[in-house]
Amino acid sequence: MWAWLFAHTTRSAHTSATCYSLIETAKANGLESDAYIHHILEHIAPADMLETLKALLPRHVDFEAITKKSGVIHG
């Protein structure tokens, strides 16, 4: 639960902060965080340009693939 307390290096603390940021960003945008993280992990490897990475941000995600917990699909 409090895994960030055990980030013994600057790099691991940065990695933990990035993960928590992605999860909270998903929640703030009404997305199911597990589905959003799964979506990012599926698409980040071939992302070799800034525009490709920006396309993974919640405001650019295809919401037909990522649904809200309430079951409402946004487009």
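Hydrogens, waters and symmetry mates are skipped; everything else that's a heavy atom, side chains included, is used.
Between the CD atom in E51 and the CG atom in D48 there is a gap of 9.5 Å [rounded to 0.5 Å].
Follow the hydrophobic side-chain contacts under 4.5 Å out from I44 and you reach I37 in the same cluster. Cluster membership for L22 and L41, using ILVMFWY side-chain heavy atoms within less than 4.5 angstrom, is shared.
At least one side-chain heavy atom of P58 sits under 4.5 Å from a side-chain heavy atom of L31.
T25 contributes a side-chain N or O that, together with a main-chain N or O of S21, makes up a donor-acceptor pair within less than 3.5 Å. With hydrogens and angles disregarded, a donor-acceptor distance shorter than 3.5 Å links the side chain of T18 to the backbone of H14.
For the residue pair S33 and A26, the shortest heavy atom distance occurs at CA-CB, 3.8 Å.
Salt-bridge formation is detected for the pair E24/K27: a Lys NZ or Arg NE/NH1/NH2 atom is positioned less than 4.0 Å from an Asp or Glu carboxylate oxygen.
Taking the six-membered ring for Trp and thresholds of 30 and 60 degrees, H43 and H39 have ring planes inclined between 30 and 60 degrees apart.
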